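Keep in mind the model is a prediction, meaning the values are calculated, not measured.
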Amino acid sequence: MFTWMFWILAIWFIVNFVWMWFDLDDQKLQKTFAWINVVAVILGFWTFYGATPVDSLSTWFQVLNWVNVVLAVTQFYFGYRKLEHKVA
């Protein structure tokens, strides 16, 4: 379970990160990704502390979990910020 969850979260992180940066002004997309990322973070920490760890992945798993936290915070910022549109 530890290894499978690591790879699922790693793939999700890459897809999430790349897709997020291509559409920073789409607040609905940012909010959706942020909330999905919250679920991913919960599952990541639950797996890290609840499953039998694999020594070669333990450090990377913890790094991935914390980077996902930072990514979720960034997505919440882009999703809930107030955009100002200038009228020409």
Side-chain angles (χ1 to χ4, degrees):
M1 180 174 168
F2 193 85
T3 305
W4 280 96
M5 187 59 75
F6 172 80
W7 287 111
I8 290 169
L9 289 175
I11 291 167
W12 164 248
F13 174 77
I14 292 168
V15 169
N16 186 8
F17 183 78
V18 170
W19 200 351
M20 179 191 97
W21 285 107
F22 280 113
D23 206 359
L24 287 177
D25 290 332
D26 186 352
Q27 288 185 305
K28 186 175 181 182
L29 178 73
Q30 296 296 331
K31 289 176 191 177
T32 302
F33 275 6
W35 285 109
I36 293 171
N37 217 14
V38 167
V39 173
V41 165
I42 292 169
L43 288 174
F45 280 110
W46 176 75
T47 302
F48 182 78
Y49 290 111
T52 304
V54 175
D55 286 337
S56 61
L57 287 180
S58 288
T59 302
W60 288 110
F61 204 144
Q62 193 158 10
V63 168
L64 180 62
N65 284 335
W66 285 108
V67 171
N68 269 330
V69 169
V70 172
L71 184 62
V73 169
T74 305
Q75 288 171 327
F76 277 119
Y77 168 75
F78 284 119
Y80 288 99
R81 70 183 171 166
K82 189 148 183 100
L83 294 177
E84 294 183 25
H85 296 287
K86 294 182 180 179
V87 178

In Å and rounded to the nearest 0.5 Å, what is the [atom1] to [atom2] distance from [X] to [Y]?
| X | Y | atom1 | atom2 | answer |
| --- | --- | --- | --- | --- |
| Asn65 | Thr47 | CG | OG1 | 8.0 Å |
| Trp19 | Ile14 | CH2 | CD1 | 15.5 Å |
| Trp21 | Phe78 | CH2 | CZ | 4.5 Å |
| Trp4 | Leu9 | CH2 | CG | 13.5 Å |

Worksheet item: Heavy atoms, side chains only, cut-off 4.5 Å: are Phe61 and Met5 in contact?
Response: yes
Discussion item. Just so I know, are the side chains of Trp66 and Val69 near enough to count as touching, which here means a heavy-atom distance under 4.5 Å?
Written reply: yes
Which heavy atom in [X] sits nearest to a heavy atom in [Y], and how many Å separate them?
| X | Y | answer |
| --- | --- | --- |
| Ala34 | Ala72 | CB-O, 4.1 Å |
| Asn37 | Asn68 | ND2-O, 3.2 Å |
| Gln62 | Phe48 | OE1-CZ, 3.4 Å |

Fill in: Matching residue for Trp12 among Phe33, Trp7, Phe17 - test: ring pair (Phe, Tyr, Trp, His ring centres under 6.0 Å)
Phe33
In terms of hydrophobic clustering (I, L, V, M, F, W, Y; side-chain heavy atoms under 4.5 Å; direct or indirect links), are [X] and [Y] co-clustered?
| X | Y | answer |
| --- | --- | --- |
| Phe6 | Val67 | yes |
| Tyr77 | Leu71 | yes |
| Leu64 | Trp60 | yes |
| Phe13 | Trp35 | no |

Item to complete: Report yes or no: does Gln30 contribute a side-chain atom to a donor-acceptor pair with the main-chain N or O of Tyr80 at less than 3.5 Å?
Response: no
Response to the item:
Tested for side-chain contact (heavy atoms from CB on, under 4.5 Å) against Phe45, the lone hit among Ile42, Leu43, Val41 is Val41
